[in-house]
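Chain identifiers are assigned alphabetically (A, B, ...) following the order of the sequence lines, protein sequences preceding nucleic acid strands; residue numbering begins at 1 within each chain. The basis for the numbers below is simple: all heavy atoms, side chains too, and nothing from hydrogens, waters or symmetry mates.
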Amino acid sequence: MSDENAIKHEVEKEALPELVNEYEGDCPIVIEGLRNSFGSQVVHEDLSLKVRRGEILGVVGGSGTGKSVLMRSIIGLQIPDEGTVEVFGQDITKAAPDEQIGVRSHWGVLFQGGALFSTLTVEENVEVPLKQFYPELSPEMRQEIARYKVVLSGLPADAASKYPSELSGGMRKRAGLARALSLDPALLFLDEPTAGLDPVGAANFDQLTRELTDTLGLTVFLITHDLDTLYAICDRVAVLADKRVIAVGTIPELLESEHPWIQEYFNGPRSRAAAASHKRGIEKDARRAESDASGNASDTVQGNRGRDNDLAQNAGREAMDKDDGGKA
Amino acid sequence: MREWAEYTVKEGGGRETIALQGPLLVSSVAMLDRQLRDYADSVQQIDLTDVETIDTVGAWLVVRFAREKDAQIINASEQAERLIAAVKECDSDEPITAPRDKTLIRVPETVGDKVVDMGHGAVGVIGFLGAVMITIGNTIRHPSRLRLKALVRQIELVGVSSLGIIGLMSFLIGVVIAQQGAAQLRQFGAEIYTINLTGRLTLRELGVLMTAIMVAGRSGSAFAAQLGTMKLTEEVDAMRTIGVSPMEALILPRILAAVFMMPLLGFYSSIIAIIGGAVIADITLDIPFLTFLSRIQDVVPIHDLWVGLAKAPVFGLIVALAGCYQGLQVKGNAEEVGARTTQAVVMAIFMVIVLDAFFAVFFSEVGWG
């Protein structure tokens, strides 16, 4: 018991105020008047954006409009010229180093290429943030956590012992997601998670993102070029153009916008195809949800995730409710 | 101040109940986890009534403990139910560390692998040398295929831009040889032989040898790292598909640059070393600077210069060959680039020193002692 107290004492001595848990606001990320530039090239000018708690916000924009730079500004990798970036009420741009760390353990980032540490196995990769932020966890616990996170991210369990170079591109993304989730973050940043995946893999990844968001109560900042992702899982979409966020809203709302780029983006041939396939998917989901409700044999967590369709969602909820009722 | 998760034991109706309290979060369960691992008594129920918040780590802890004790989870909040269900599905008992053989097997295996690699490496380098020779032959037949621009660029990188560092190094080596030589020769009253020592040693051996080592460290490593990175980013493959031979475009300019530059750099290095010796002799031995230089012409036989210059292109070839060969062997990940670069430098320096010993014996035997 005494060494436990010693560990407790050690941790508490260095512990940061748990500002994140105390944060009560509705918008974990608030950006105001952001300006970023590289030399004479201005990427962002007077950019403002709010991300609501519990939503998946898709961020779209043409190549070079600074989507990744925006993400880097939020997570503190890019110091903006002007403006404020508040994450859980703390200004990232002006926060003292230790304050930043207090926030840092509450977000997970999936970089474009996965950015796994190539000399560590997947399991060790997932353990890195745990070791860094919670050294008081016992090694057995850390390993157990890493192991279920790997499976939670949709990887086969035997992938945990592999090195990143032994994994395919899609598996590497999932491993990156496992590492991003290792601290049970409240905020998840995904930088083009489905880029370079085959359509089936991309759809699975989308579904996984939605499921995790709903199960773990995440807020997701998702940069993407993938129209299917936008239609399938994003609650709202922010459009980056002209160095600013020109519009934020659901896809139907954005479709009413007059801005030429948005019109071109959402009314292009690829967008129409994505919308059509999304519609088909919802109908299928709805049918499945109905059969689930009657069959009462569905799995609670893997329940229906149809979006923007009340019928499908309600049907799914009913299915879940029934399930829960059966258990209690 | 951090809040920790805790537990209390309740007994009621012959049922042992463990009630968990406080936040069940990754930041707060460390102590609880340790305590529950050591908990020996049987448990029938786990009560989650007083759990304030929970994340998947807390859920995992509950699931694991429940399974271990075969206990029931009661009074879980809706969120806890959901997380527990999610985590339960993710259970696995696959090994989490990369498979690793026992030391008794691993050590001989590694040794064997190294020996086989060395064999393959030797064959590979000889094959590579052959390929370079064929490319040189082809280029002589079709001189227009020589990449003159690339060659000049490499000559600049290997030769011109290393003049400063090689000059400094050689000057100091000349100083050290003359100074240390004089200290020993003084005991016999033969300080004047410092000139012979400095002149012959630098022109015949050290000038070229030290230059080769410097070029291996500077350019050999650069060759390996550049080509390795190009291999990783599939630039080399892209070249092949467009019909550009990497041998002609990448390898030949580097090898020719090293072969051409080494004699010049070696000669330059020797001269600077002699100047270094002359400077220190002027200061500490009272041998005037110009006298030192004119004595050099008398005491150093001209074949010492030829010996030095004959070795230089061979060393240049070895350094460039090792760098290019190792660079092209890179595959897989970024770590490999580092490993191959190291190997290139080690291999180059090792081969240069072995060949230098061979040359020393050879030239003595042919009467150029």
Side-chain angles (χ1 to χ4, degrees), chain A residues 1 4-5 7-8 11-12 15-18 21 105 118-119 121-124 127 130 133-138 140-141 143-153 156-166 181-184 186 211-212 214-217 299-302 320 324 327-328, chain B residues 1-4 6 23-38 52-61 63-65 73-76 78-79 81-100 232 331-339:
Chain A
M1 221 39 184
E4 262 173 26
N5 283 333
I7 297 172
K8 266 190 198 176
V11 172
E12 275 160 14
L16 301 159
E18 290 286 334
N21 292 345
S105 60
S118 57
T119 53
T121 63
V122 170
E123 186 268 335
E124 287 165 332
E127 262 193 67
L130 289 168
F133 288 105
Y134 303 112
E136 72 272 15
L137 284 173
S138 62
E140 299 87 30
M141 186 67 178
Q143 286 175 0
E144 286 172 10
I145 296 175
R147 201 189 287 183
Y148 82 68
K149 295 275 155 124
V150 167
V151 182
L152 191 68
S153 307
D158 63 353
S161 60
K162 292 194 171 130
Y163 286 94
S165 57
E166 299 171 274
L181 289 174
S182 77
L183 294 173
D184 268 87
E211 273 171 19
L212 289 175
D214 294 347
T215 318
L216 310 182
D299 188 347
T300 321
V301 180
Q302 308 239 321
M320 284 162 82
D324 287 350
K327 265 183 200 161
Chain B
M1 190 63 197
R2 202 183 281 186
E3 268 187 275
W4 298 97
E6 282 160 349
L24 275 186
L25 301 174
V26 59
S27 56
S28 65
V29 296
M31 296 307 134
L32 182 65
D33 170 51
R34 279 160 209 263
Q35 289 158 4
L36 291 186
R37 266 175 213 281
D38 296 338
E52 295 157 18
T53 46
I54 187 166
D55 65 5
T56 64
V57 175
W60 169 258
L61 182 72
V63 168
R64 193 200 63 211
F65 190 62
I73 302 164
I74 54 168
N75 294 336
E78 194 189 328
Q79 191 197 12
E81 283 275 8
R82 203 173 59 215
L83 290 178
I84 286 169
V87 167
K88 234 181 207 161
E89 277 178 24
C90 299
D91 196 13
S92 84
D93 47 9
E94 290 281 342
I96 49 173
T97 46
R100 209 173 134 96
L232 276 191
K331 43 179 131 19
N333 52 23
E335 206 186 349
E336 180 106 335
V337 176

Q: Quick check: closest heavy atoms across A:Ser138 and B:Arg34, and the distance to 0.1 Å?
A: N-NH2, 3.6 Å
Q: With rounding to the nearest 0.5 angstrom, report the CG to CD1 distance, B:Leu61 to A:Ile145.
A: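 That separation rounds to 9.0 Å.
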Q: What part of A:Glu166 is in contact with chain B, defined as an atom under 4.5 angstrom from a non-hydrogen atom: side chain, backbone, both or neither?
A: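 Looking at A:Glu166, nothing touches chain B.
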Q: For A:Tyr148 versus B:Val87, what's the shortest heavy-atom pair and its separation?
A: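 Nearest pair, atom of A:Tyr148 first, then B:Val87: CE1-CG2, 4.3 Å.
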Q: Rounded at 0.5 Å granularity, tell me how far CD in B:Gln79 sits from CG in A:Leu216.
A: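 These two atoms lie 9.0 Å from each other.
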Q: Can you find a heavy atom in the side chain of B:Thr56 that is under 4.5 Å from one in the side chain of A:Thr215?
A: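 Not in contact.
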Q: Would you say that A:Glu136 contacts B:Asp33 through its side chain, given a criterion of any heavy-atom pair below 4.5 Å between the two side chains?
A: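 No, side chains not in contact.
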Q: Does any heavy atom of chain B fall under 4.5 Å from the side chain of A:Leu181, the backbone, both, or neither of them?
A: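 Contact with chain B is absent: no heavy atom of A:Leu181 under 4.5 Å.
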Q: Hey, what do you get for CZ (A:Arg147) to CH2 (B:Trp60), rounding to the nearest 0.5 Å?
A: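 One gets 7.0 Å once the value is rounded to the nearest 0.5 Å.
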Q: Pair A:Leu137, B:Val29 - check side chain to side chain contact (heavy atoms under 4.5 Å, CB included), show working.
A: CA-CA 8 Å; A:Leu137 284 173; B:Val29 296; 4.3 Å; yes
Q: Could you tell me whether the side chain of B:Arg82 reaches within less than 4.5 Å of the side chain of A:Asp214, counting heavy atoms only?
A: no
Q: Checking B:Val57 against A:Lys149 for the side chain to side chain contact (heavy atoms under 4.5 Å, CB included) test, could you report, in this order, the C-alpha distance in whole Å, the side-chain angles of both residues, the deciding distance, and whether it holds?
A: CA-CA 9 Å; B:Val57 175; A:Lys149 295 275 155 124; 4.2 Å; yes
Q: CD1 of B:Ile54 to CG of A:Asp184: how many Å apart, nearest 0.5 Å?
A: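 That separation rounds to 10.0 Å.
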Q: Distance from B:Glu335 atom CD to A:Ser118 atom OG, nearest 0.5 Å?
A: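 Result: 5.5 Å between the selected atoms.
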